[in-house]
Protein chains: 2
Amino acid sequence: MPADQDPAARTPRATLRDVALRAGVAISTASLVYSGKKPVAPATAEKVREAATELGYHGPDPIASSLRQGRSGVIGAVVPSRLLHAFRDPYAVTMFDGLAETLGDLGTGLLLMPESAPGSEPPPGSNLAVDAVVFLLSSEEAHPLVPELVGRGIPMVGTGSPVDPHIVQVRVDDRRATAALARHVHELGHRHVGHVLMPLQPDQVTRRVTRAEVAEATLPITRERAEGVRDVFGDVPMVSAAEADIEAGRAAADLLLGLDPRPTAILAQSDLLAVGAVRAAEARGLRVPEDVSVSGFDGVELPWLGRRLTTVDQRPAEKGRLVGEALRHLLAGESVEDVELDAPLRLGDTTAAPPRPAPPTPGPPG
Amino acid sequence: MPADQDPAARTPRATLRDVALRAGVAISTASLVYSGKKPVAPATAEKVREAATELGYHGPDPIASSLRQGRSGVIGAVVPSRLLHAFRDPYAVTMFDGLAETLGDLGTGLLLMPESAPGSEPPPGSNLAVDAVVFLLSSEEAHPLVPELVGRGIPMVGTGSPVDPHIVQVRVDDRRATAALARHVHELGHRHVGHVLMPLQPDQVTRRVTRAEVAEATLPITRERAEGVRDVFGDVPMVSAAEADIEAGRAAADLLLGLDPRPTAILAQSDLLAVGAVRAAEARGLRVPEDVSVSGFDGVELPWLGRRLTTVDQRPAEKGRLVGEALRHLLAGESVEDVELDAPLRLGDTTAAPPRPAPPTPGPPG
DNA sequence: TTGTAGGCGTTATCAT
DNA sequence: ATGATAACGCCTACAA
């Protein structure tokens, strides 16, 4: 390795004071040249810029500036520690994209704060300088960071969980939206449906679950979507997927398709799970939608699927943008109400009327 | 909206001084209770914590702490403004995941700094308080932020571009790795191959490109991988995809498969492009690998593909981790050399010997 | 083990 | 339009 670094690194960095001194003006005047908050004579500004260039000064130190102004210009985003998994879902990425769009206009940065093992004290990230925090993908009803942030008076925006009166929520009415979708499937004529749920717990296995278990799910949307299905179909067989991804959706749907009577429709709690359900059906030689209908939830783009899923469009990009808007108002000191996002039903080509039932089993003659 | 916020919000937040005063100790002592850098008598610590609780004090202000210590505990990650597109590629997500892993241990946060329209002055993000910056997905050979950051003495780590002596690079030898892959395809017997390239420019269209155009590609890896192919096959037909995604890969490969003679193998510059190539072949009724061989580059997980791509494994997670390691050393003040990552060839089931050529065209008799 | 004192680099206020 | 001055909240020598 090189004997030593750039010699300039050894020299203490120039500060605004050095620049002002060299330009022959007051520090406060030099500050104005950079902030532009008050007019400065062009000649003066020029002198300051020159001095800055000579000293290798590249503008005010963001940390010092933050301290003085009381804001860091950074929004914290709490994300699952397994970022990889979360971002495999286009829903998550799309929502972040929408958020980043608003934030970009705002000139604020987005700081990823990975959740870590529960119980660590203090919760990681509590020592990071953020002006506000968003919870977009949390699957916990309570979160250790929340009391901490409330205590610090840091505004928070979420999309459902964690649940806390201090968090401004931007959400969809999951139950109602799911019920609308279920009603559509019911009207097509389906009477035997199966429901594929998100994981009830982290690290669980794909398995059938009971209504009682679902009532205790960590993730509120899991419960609410299941209720939406029940509102229309009553109790139906439910399988909770081990992960919110395609493979787990396939496994979960496969379990349902093995039941007797076999469901004629699979309602999945996310588009990715629904894709898995389509795969499971195909693997059994069943055609979608002729033999089995499949529906999802989210409304993400799946260009590689080659078909349009019947789903609820949560408008994830819009959701992200609305979170950004809420942040903007909160940072401006305004108070903000919860937002309910409209989530329209999108009919695709994965749902149709159920196959005609086999003629009332004549049974082998004799 | 509510008439007003939590009344506590109006009260200026308690500081360490208030706490010390209330606990009857010196500010510096109270500070030690939180930093733990020197021992404090248990009784004293208890008094301080009590006072803190009473005052609603939740630990030192991160900004003030940062100013004093000269570090913010935040790493900046420059990302494409179209985050959505970038994160559609599992390569990107996997690499970030690897990075986040190292950073998690380090207790530092990752701040996303979206690149914005070129030419904005000053470059956005230059006012954010970061201790170091990483460029993982940049497609520019030069970047406006680089001189700025060099000026501020902020260490940088990258994976190839932008190119600058101040940036520690963690890279793969793209040319050599691609040549190794090409050699494998050559040894299988292929003599007519087509090459699918990443976009040469942002916002371009999928189209055939010449060697001369490739030599001027923005993205160094595009050039280097093309050279790797040329090292083995000489000049081959090349098509640059409009985007680094499946659909563009399909369109690009379709162009190649329409040539006469039709290539018996398509070498794509990324796994996602290769998936598109597989789709293009299938759409033409060609079997992979019996009729057409396809190879990729990256080595990402594609569980939904249902087959294993022949590819170069860049080990993206490891790459991310190595970037994290480099950061760790830089932040510790050590000097760091560029890292070359080994990228092994992974044989999958998308490559095989070319189909036997049709018997030397007898032509219609007569 | 605890206290004293000074400053990190900036910006806001107020006066000129 | 410019200048002097006082914080912003904390941490670290150093002294006791």
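So you know, we letter chains A, B, ... as the sequences are listed, proteins then strands, and number each from 1.
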Practice prompt. Kindly write out the residues that satisfy side chain to side chain contact (heavy atoms under 4.5 Å, CB included) with B/L106, not counting sequence neighbours, or none if the list is empty.
Written response: B/L103, B/T108, B/R328
Practice prompt. Just grab all the side chain to side chain donor-acceptor pair (under 3.5 Å) pairs involving residues 14-30 of chain B, residues at least two apart or on different chains.
Written response: B/R22-B/E54
Practice prompt. Side-chain contact test, heavy atoms from C-beta onward, threshold under 4.5 Å: evaluate it for B/I154 versus B/E148 and give yes or no.
Written response: no
Fill in: Any residue meeting salt bridge (charged side-chain N to carboxylate O under 4.0 Å, His left out) with B/D131, in chain and number order, not counting sequence neighbours
B/R71
Discussion item. Holding to side chain to side chain donor-acceptor pair (under 3.5 Å), I want the full list of residues that pass it with B/E140, two or more places apart in sequence or in another chain.
Written reply: none
Discussion item. Could you tell me if the side chain of B/V74 sits less than 4.5 Å from the side chain of B/S72, heavy atoms only?
Written reply: yes
Practice prompt. Return the set of residues passing ring pair (Phe, Tyr, Trp, His ring centres under 6.0 Å) with A/F135 (not counting sequence neighbours), or none when no residue passes.
Written response: A/H143
Worksheet entry | Selection: residues 63-76 of chain A, any non-hydrogen atom under 4.0 Å of DNA chain D | A/L67, A/R68
Practice prompt. Answer yes or no: is there a side-chain heavy-atom contact under 4.5 Å between B/M156 and B/V146?
Written response: yes
Discussion item. If the helix axis at each end comes from five base pairs, how far does the helix from C/dT1-D/dA16 to C/dT16-D/dA1 deviate from straight, to 10°?
Written reply: 30°
Practice prompt. With sequence neighbours excluded, give me every ring-ring contact (aromatic ring centres under 6.0 Å, His included) pair touching residues 94-115 of chain B.
Written response: B/F87-B/F96
Discussion item. I need the full list of ring-ring contact (aromatic ring centres under 6.0 Å, His included) pairs touching residues 44-72 of chain A, with sequence neighbours left out, sorted by first then second residue.
Written reply: A/Y34-A/Y57
Discussion item. Students should find this one: the first and last nucleotides of DNA chain C, 5' to 3', lying under 4.0 Å from a heavy atom of chain A. What are they?
Written reply: C/dG9 to C/dA12
Item to complete: List in numerical order all residues of residues 25-44 of chain A for which some heavy atom is under 4.0 Å away from an atom belonging to DNA chain C.
Response: A/I27, A/S28, A/S31, A/K37
Worksheet entry | Whole angstrom value for the distance that separates P of D/dT5 from CG of A/L16 | 17 Å
Worksheet item: Should B/E318 and B/R321 count as an ion pair when the cut-off is N to O under 4.0 Å?
Response: yes
Worksheet entry | Under the side chain to side chain contact (heavy atoms under 4.5 Å, CB included) test, residues paired with B/V33 that sit two or more places apart | B/V40, B/A45, B/V48, B/R49
